[in-house]
Amino acid sequence: MLPQEFIRKKRDGESQTLEELREFFSSYLNGEIPDYQVSAWLMAVCFRGMSEEETLYLTQVMAESGEILDLSSIAPNAVDKHSTGGVGDKTSIVLAPLMAHLGLKIAKMSGRGLGHSGGTIDKLESIPGFKTSLNKEEIFEGLEKVGCVMVSQSQDLAPLDGKLYALRDVTATVESIPLIASSIMSKKLAGGAKSIVLDVKVGKGAFMKTLDKALALSYLMVGIGKKADRNMIAILSQMDEPLGYKTGNNLEIMEVIDTLKGKGPADLIEVVAVTGAYMLLMGGKASSIEEGKELISKTLESGLAVERFSQMVAYQGGNPNVVDDYKLIPYAQYKEIIVSPETGLVKEIDAYKVGVANIITGAGRKKKGDEIDHKAGVVVRKKIGDKISKNEPIFDLYSSDDQKIEEAAKYLEDGFEISQEPVARSKHILGIVS
Ligand code: URA
């Protein structure tokens, strides 16, 4: 079928078959179809959607575009997790070494920044030398030696998701339930784990702004996983304000290390504890959610899992000394502070705006293939419900470019709200879909 016919079908709301999707995307992978035609199709999907059946087909085409790992001999009870994306969401980077320390094998395939949300792979690459593209043999060896690896899509693993993901990032085609579901589930199916825990973010800084949409996405992904014979669970978690305090690549790695050393922020610890407890339960390392949470809390307090993190960093070619020396992942040279104009309680910190401000500082991409500024980002100094005084800082912005930092600071000036009335603190975990 001509590419323009394939695009027209979706534009006009017609459904597409497995064969049509296969043909279009194999031509894209071998360079016969350019990015602009694929972008047009992605935008048509954003408006027209896809049926459950088409989403399943797309997931299959994406997963099968590379190898499907078979972990049965090395880790028959392997558990994987994935977040639908948020601002300051560094949960996976805490969980991989933590779960490995508690006896699970974790081969985690992640992505780069997507839209206004940061990406696990970009964050990890802020560690000097850290290599995120591993082949199958290297992944297996890492699981044997360290117990966890964190890798990106590659020529070998979900290459079609890698290409579509990079396009969606810069064409405003992220916020589509079928595109998110197929992107996530293709990586999870290719990753080979028997059990999968999904963290579905809801709120201003998430791709799903309402609970209804988050539930629809959860049911779709859980259904795709179950059809592929995976044990599935989805946790819905709040993303109105950023998770933790640090957003941006280097900055988030610092907060990951702090958390593994038992000094993490309460909201991040709660999401880590609930997600991790389900992973331990599904992987047979805890007999209840309560026991799982207890194990996690004790391990974080002991600071022992940071050793596993530095082993993973060393295995993947990075400098393991980052865990003791943050000067190896320094703050950027330019800093701007935004202060509160009045005394009161913090009523709102807009995670979406913080995410966009990150892109403006240079921490995210404006077009495909842009180099990012790993040192750039935004530190949020307060949580919703905290007291703040007039002229007290609420945001610290960092960038290696003086113009970008000014632009980001201007953009973020109204990214928060102060109230004189009582403010309820956010609930972090909103529900579970199994
Ligand atoms: N994470 C992914 O891997 N893909 C998406 O589309 C959104 C979040």
Side-chain angles (χ1 to χ4, degrees), residues 25 38-39 41-43 45-46 49-50 54-56 58-63 65-66 80-93 95-96 107-124 132-133 150-154 157-191 193 196-203 205-209 213-214 216-218 220-222 224-225 230 232 234-237 239 243 252 271 275 351-352 355 358-359 364-365 368:
F25 286 113
V38 179
S39 304
W41 180 84
L42 290 168
M43 191 56 88
V45 172
C46 286
M50 291 179 106
E54 283 175 290
T55 310
L56 199 65
L58 180 60
T59 309
Q60 189 181 334
V61 172
M62 286 163 89
S65 64
D80 201 353
K81 69 84 62 178
H82 207 89
S83 157
T84 57
V87 179
D89 184 8
K90 63 231 14 121
T91 313
S92 295
I93 314 177
L95 275 170
K108 169 85 178 81
M109 204 194 311
S110 296
R112 298 186 180 280
L114 189 64
H116 66 274
S117 83
T120 297
I121 293 301
D122 291 331
K123 294 170 199 179
L124 287 166
T132 55
S133 181
M150 301 192 79
V151 299
S152 60
Q153 312 98 323
S154 62
L157 291 171
L160 179 55
D161 179 54
K163 289 193 79 173
L164 293 181
Y165 195 99
L167 259 194
R168 289 169 60 219
D169 177 34
V170 290
T171 54
T173 51
V174 176
E175 289 91 340
S176 149
I177 289 179
L179 294 180
I180 295 175
S182 52
S183 164
I184 291 179
M185 289 311 297
S186 63
K187 284 192 282 291
K188 299 301 96 178
L189 299 186
I196 297 163
V197 180
L198 301 169
D199 177 4
V200 179
K201 302 286 185 200
V202 192
F207 297 124
M208 298 295 105
K209 309 286 183 212
K213 286 193 173 161
L217 176 60
S218 304
L220 185 59
M221 292 194 289
V222 166
I224 293 172
R230 301 302 206 272
M232 299 292 301
I235 298 163
L236 283 89
S237 71
M239 184 36 73
L243 192 61
E252 292 195 43
V271 177
T275 315
Y352 177 78
N358 261 288
I359 301 178
R365 296 176 181 80
K368 211 179 126 183

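When a ligand or atom number is given, it counts from 1 through the structure's own listing order.
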### Message
Keeping K187 on the side-chain end and S183 on the backbone end, is there a donor-acceptor pair under 3.5 Å?
### Response
yes
#### Entry: Heavy-atom neighbours of K209 NZ exceed 12 at 6.0 Å
yes
### Numbered atoms of ligand 1 (with element) below 4.0 Å of Y165, judged on heavy atoms
2 (C), 3 (O), 4 (N)
#### Entry: ligand 1 versus I180: contacting region, heavy-atom distance under 4.0 Å
both
### Message
For D161, which part has a heavy atom under 4.0 Å from ligand 1: side chain, backbone, both, or neither?
### Response
neither
### Geometric N/O contact T84 with ligand 1, under 3.5 angstrom
no
### Query
Under the 3.5 angstrom rule, does the side chain of R230 hit a backbone N or O of L189 as a donor-acceptor pair?
yes
### Query
Among all protein non-hydrogen atoms, which one is nearest to atom 4 (N) of ligand 1, and what is the separation to 0.1 Å?
S183 OG, 2.7 Å
### Query
Atom NZ of K213 and atom CE of M208: how far apart are they, to the nearest 0.5 Å?
7.0 Å
### Task
Would you name the heavy atoms of D161 and S186 that are closest together and state the gap between them?
CB-OG, 3.9 Å
### Query
R168 to ligand 1: N or O pair under 3.5 Å?
yes
### Summary
Counting from 1 in the order shown, the ligand 1 atoms closer than 4.0 Å to a non-hydrogen atom of K187 are 2 (C), 3 (O), 4 (N)
### Spatial distance of atom CZ (F207) from atom CG (L179) [nearest 0.5 Å]
11.5 Å
